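See below for the structure under consideration.
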Amino acid sequence: MKFSAPLKSDSIKVMLLGSGELGKEVIIEAQRLGIETIAVDSYNNAPAQLVASKSYTINMKNKDEILDVIRREKPDFILPEVEAINIDALFTAEEEGFHIIPNADAVNKTMNRKNIREFAAVDLNIPTSKYEFVSTYEALEKSANNIGFPCVIKPVMSSSGHGQSIAKSAEDLPNSWELAKEARGDASELIVEEFIKFDYEITLLTARNENQTVFCEPIGHIQQDGDYIFSWQPMNMSEIAKEKSKQIAKKITDGLGGRGIFGVELFVKGDEVYFSEVSPRPHDTGMVTMITQSQSEFALHIRAVLGLPLNFIDYGAGASAAYKAKNDTFNPLINIKDEVFTDTSYIRVFGKPQSHEGRRMAVALSFDKNSSEKALEQAKKLIQNFSD
Ligand SMILES: Nc1ncnc2c1ncn2[C@@H]1O[C@H](COP(=O)(O)OP(=O)(O)OP(=O)(O)O)[C@@H](O)[C@H]1O
Ligand SMILES: [Mg+2]
């Protein structure tokens with residue numbers, strides 16, 4: 001294929017809708033290939049905006065505003081990087097001939113728990129936790145009893161654990177109901193899920209285009225309050241569980257179709273694997289691939305988008321620890337002690353222009369040639385030396 005330069009008549013143009021820390025890495029990979037990058041978000045100086053050829057700040061929920069930047073810039077590829085986005089704009093843009101990554105229907109399915117769960121469990125017959133959808137409190141009580149306690153209750157549209165809770169008994173249901181209803185996003189309907197007492201959970205990064213599907217080594221992770229805090233790669237799994245995971249990932253990504261990388265979230269209990277959800281874009285737990293693979297999840301994403309070969313090699317094991325701010329400020333200062341900068345550590349400060357309590361501001365990555373346990377231990381130590 002032919003490569004140009006940004007801001008030329010023959011530029012290849014990539015537009016990112018959502019410009020966070022994952023988008024920033026996607027843009028850096030695109031820039032390395034001379035691609036023109038346009039970063040769009042709902043606030044100024046978002047991480048990816050500061051490294052892009054151009055940027056726009058718009059209301060991402062507004063159909064006309066999204067369509068306006070798309071029609072004006074005429075990007076070759078549009079990469080939705082966040083779930084909070086006006087989906088009608090993507091369908092319209094696709095009808096007008098724009099190339100949405102992976103495609104508007106996949107973005108629509110994955111942003112709504114009901115769509116993706118029914119697609120996986122009913123259409124594709126993939127194993128999941130038991131689930132029911134409810135829209136009234138009475139229905140919630142009924143479903144929770146059907147499914148049994150503990151059960152997990154989530155708004156159909158939400159991310160990063162917002163509005164999500166575990167009900168241990170019927171007494172917890174009023175609280176779960178309130179929590180879900182107060183969350184941003186669409187809580188008009190809730191999903192009630194069987195609580196899976198998994199041994200561990202993984203993200204199976206899967207990159208695909210018309211020619212190829214590749215899997216990264218499984219990434220283990222730990223979630224706290226609905227957000228990941230530690231991840232490591234490879235996760236040591238039984239061959240059977242690993243094979244099942246790949247089969248599920250292949251089925252769901254083929255089902256969604258299109259080009260790009262997907263983060264397939266799976267729960268593993270013994271040799272049983274349950275599909276949980278999937279991101280049609282790079283995954284936060286996958287930042288570790290920046291140091292473990294010859295092509296990171298971000299590089300693979302760009303290669304997949306361009307229809308290029310997706311082969312890569314593994315360098316070794318690695319782990320990541322997320323740093324979350326403790327303070328609310330418009331002038332964030334992350335204190336990272338000098339001893340964090342070792343021969344096997346890699347630090348990424350996202351450069352977010354504002355911090356608030358719990359906002360992810362940086363990540364510590366740690367490499368170990370052979371052992372993800374050692375890498376994880378190291379990452380946990382590194383993050384102790386961050387503060388704000
Ligand atoms: N049915 C379940 N059984 C056990 N644990 C669950 C279940 N559903 C969710 N969890 C736990 O909660 C975490 C977050 O759930 P989920 O991925 O559905 O929500 P999310 O808001 O989309 O999170 P994120 O945006 O961080 O991926 C999971 O990674 C898992 O640790
Ligand atoms: Mg998730």
Side-chain angles (χ1 to χ4, degrees), residues 18 20-22 80-85 107 109-121 126-134 143-144 146-168 172 176 179-180 182-187 189-206 218-232 235 245 248-249 252 261-270 272-287 297 320 322 324 358-360 363:
E21 60 267 40
L22 305 183
E81 286 294 314
V82 287
E83 283 184 0
I85 196 167
V107 176
K109 279 202 180 84
T110 51
M111 74 199 292
N112 184 305
R113 296 186 199 279
K114 186 172 191 177
N115 293 347
I116 189 62
R117 180 54 65 102
E118 288 184 334
F119 182 60
I126 291 172
T128 67
S129 59
K130 281 189 269 174
Y131 63 92
E132 287 184 19
F133 300 99
V134 300
S143 285
N146 284 346
I147 283 168
F149 293 96
C151 58
V152 188
I153 294 149
K154 312 170 187 174
V156 288
M157 280 175 91
S158 71
S159 63
S160 308
H162 292 293
Q164 189 169 318
S165 65
I166 299 172
K168 295 199 177 72
D172 290 339
S176 293
L179 204 76
E182 280 163 15
R184 355 167 238 188
D186 182 359
E189 214 172 357
L190 313 181
I191 182 170
V192 187
E193 282 183 36
E194 167 195 14
F195 181 81
I196 305 287
K197 289 191 191 67
F198 52 75
D199 300 331
Y200 55 91
E201 62 179 314
I202 62 163
T203 304
L204 190 59
L205 293 171
T206 307
I219 295 168
H221 53 92
I222 293 173
Q223 303 267 331
Q224 195 176 66
D225 305 324
D227 239 353
Y228 110 95
I229 46 170
F230 300 115
S231 74
W232 59 91
M235 171 77 212
S245 299
I248 292 173
I252 195 85
I261 199 155
F262 297 76
V264 182
E265 298 179 22
L266 304 164
F267 300 152
V268 185
K269 190 171 168 32
E272 291 310 310
V273 181
Y274 302 83
F275 169 80
S276 173
E277 57 168 8
V278 53
S279 68
R281 58 183 69 97
H283 200 271
D284 53 6
T285 61
M287 284 190 276
E297 63 168 340
S320 81
K324 296 183 181 199
R359 188 172 198 194
R360 188 163 58 216
V363 69

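Throughout, numbering of the chain's residues begins at 1 and tracks the sequence. Just so it is clear, the structure is predicted and the values come from calculations on it, not from any experiment. Read the numbers this way: they start at 1 and go in the same order the structure lists the ligands and their atoms.
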Worksheet item: When Phe267 is tested against each of Tyr274, Tyr200, Phe198 for ring pair (Phe, Tyr, Trp, His ring centres under 6.0 Å), which residue passes?
Response: Phe198
Quick one: are [X] and [Y] in side-chain contact, heavy atoms under 4.5 Å?
X      : Y      : answer
Met287 : Leu22  : yes
Val134 : Leu190 : yes
Leu205 : Phe262 : no
Pro282 : Glu81  : yes

How far is [atom] from its nearest protein heavy atom, and which residue and atom is that?
atom                    : answer
atom 26 (O) of ligand 1 : Gly226 O, 3.0 Å
atom 16 (P) of ligand 1 : Glu277 OE2, 3.6 Å
atom 3 (N) of ligand 1  : Ile196 N, 2.9 Å
atom 21 (O) of ligand 1 : Gly161 N, 2.7 Å

Worksheet item: Touching ligand 1 at all, Phe198? Heavy atoms, strictly under 4.0 Å?
Response: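 Phe198 counts as a contact of ligand 1 under the 4.0 Å cut-off.
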With only distance considered, is [X] within less than 3.5 Å of ligand 1 through an N or O on each side?
X      : answer
Gln164 : yes
Arg113 : yes
Glu201 : yes
Lys154 : yes
His221 : no
Glu265 : yes

Fill in: Per atom 6 (C) of ligand 1, closest listed option by heavy atom (Tyr228, Phe267, Tyr131, Tyr200)
Phe267
Item to complete: Have a look at Gly163, Ser160, Ser129 and point out the one with the heavy atom closest to atom 24 (P) of ligand 1.
Response: Ser160
Response to the item:
Taken to the nearest 0.5 Å, the spacing of Ile248 CD1 from Ser276 OG works out to 11.0 Å
Discussion item. With rounding to the nearest 0.5 angstrom, report the CE to CD1 distance, Met235 to Ile219.
Written reply: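 Reported value, rounded in 0.5 Å steps: 12.0 Å.
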Practice prompt. Can you tell me, to 10 degrees, how wide the angle at the Mg ion (ligand 2) is between OE1 on Glu265 and OE2 on Glu277?
Written response: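 That angle works out to 100° after rounding to 10°.
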Worksheet entry | Sidechain N-carboxylate O distance under 4.0 Å for Arg117, Glu193 | yes
Worksheet item: Side chains of Ser231 and Thr285: donor-acceptor distance under 3.5 Å anywhere?
Response: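 Their side chains do not contain a donor-acceptor pair, so the 3.5 Å distance test is not met.
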